[in-house]
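Reviewing the structure listed below.
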Amino acid sequence: QVLLVESGGGLVQAGESLRLSCAASESTFNINTMGWYRQAPGKEREMVAIITNNGVRNYADFVKGRFAISRDNAKNTVYLQMYSLKPEDTAVYYCKATRYYGLEYWGKGTLVTVSS
């Protein structure tokens, strides 16, 4: 399996920025999409942003204009740059990788806490 390890989470104040990283255990050249999902306490996991191997990006409406996803296949890493963080962004953020034929892999998550 592809192992995914997230990092970069932490405690920040509202309005500040944070950058999350997801490192894959193998080359991401053969991974179609990589993305970020989040899950807040008491809520279901939701998509935040995804990016294909060709650089096509898709964002959830609630983060458009604030978050940016990028992918560096040379480093087997996907990033999520988050600006203007809000308390409602507080959640565990998970990295997801999907192969071209649909097999999915998940990381264990990194916690982002945004204080008022």
Residue that, paired with Thr110, satisfies side chain to side chain contact (heavy atoms under 4.5 Å, CB included) out of Leu20, Val5, Leu80
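The passing option is Leu20.
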May I have all residue pairs that pass disulfide bond (SG atoms under 2.5 Å apart) and include part of residues 32-116, sequence neighbours excluded?
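Counting only pairs at least two positions apart or across chains, the disulfide bond (SG atoms under 2.5 Å apart) contacts touching residues 32-116 are Cys22-Cys95.
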Pairs flagged by disulfide bond (SG atoms under 2.5 Å apart) wherever residues 29-88 is involved - sequence neighbours left out
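Matches after skipping sequence neighbours: none remain.
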Once rounded to the nearest 0.5 Å, what's the spacing between atom [atom1] of [X] and atom [atom2] of [Y]?
| X | Y | atom1 | atom2 | result |
| --- | --- | --- | --- | --- |
| Tyr93 | Met82 | OH | CE | 5.5 Å |
| Phe67 | Gln81 | CZ | CD | 9.5 Å |
| Lys96 | Met34 | NZ | CE | 11.5 Å |
| Asn54 | Asn32 | CG | CG | 8.0 Å |
| Lys43 | Glu88 | NZ | CD | 8.5 Å |

Flag if over 12 foreign heavy atoms under 6.0 Å of CZ, Arg99
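Atom CZ in Arg99 is crowded, with more than 12 foreign heavy atoms closer than 6.0 Å.
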Indicate the atoms forming the closest heavy-atom contact of Ser17 with Ser84, along with that distance.
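Closest heavy-atom pair between Ser17 and Ser84: OG-N, 4.3 Å.
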List the atom of Ala40, the atom of Ala91, and the distance in Å for their closest heavy-atom pair.
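Reported closest heavy-atom pair: N-CB, 3.8 Å.
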Between Val112 and Leu11, is there shared hydrophobic-cluster membership here, with clusters defined by ILVMFWY side-chain heavy atoms closer than 4.5 Å?
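No, it is not one cluster - the side chains of Val112 and Leu11 are not joined through contacts under 4.5 Å.
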Are Leu18 and Tyr79 in one and the same hydrophobic cluster, where Ile, Leu, Val, Met, Phe, Trp and Tyr link if side-chain heavy atoms are under 4.5 Å apart?
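No, because Leu18 and Tyr79 fall into different hydrophobic clusters, even though each may have its own neighbours under 4.5 Å.
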With a cutoff of under 4.5 Å between side-chain heavy atoms, which Ile, Leu, Val, Met, Phe, Trp and Tyr residues group with Leu111?
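Other cluster members: Tyr37, Met47, Ile50, Val92, Tyr94, Trp106.
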Donor on one side chain, acceptor on other, Tyr83 and Arg66, under 3.5 Å
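No, because no side-chain N or O of Tyr83 sits under 3.5 Å from a partner of the opposite role on Arg66.
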Would Lys86 and Asp89 pass as an ion pair if we require N to O under 4.0 Å?
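Between Asp89 and Lys86 there is no salt bridge, as every charged N stays at least 4.0 Å from the carboxylate O atoms.
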May I ask you to say whether Glu6 pairs ionically with Arg38, meaning some side-chain N is under 4.0 Å from a carboxylate O?
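No, this pair does not count.
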Quick one: does Glu26's side chain get under 4.5 Å of Val2's, heavy atoms only?
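SC-SC contact between Glu26 and Val2 confirmed.
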Out of the candidates Asn53, Thr33, Thr52, only one should pair with Tyr100 under the side-chain hydrogen bond (donor to acceptor under 3.5 Å, both in side chains) rule; please name it.
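That would be Asn53.
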Donor-acceptor under 3.5 Å (Thr98 side chain, Glu104 main chain)
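Not a single qualifying donor-acceptor pair exists.
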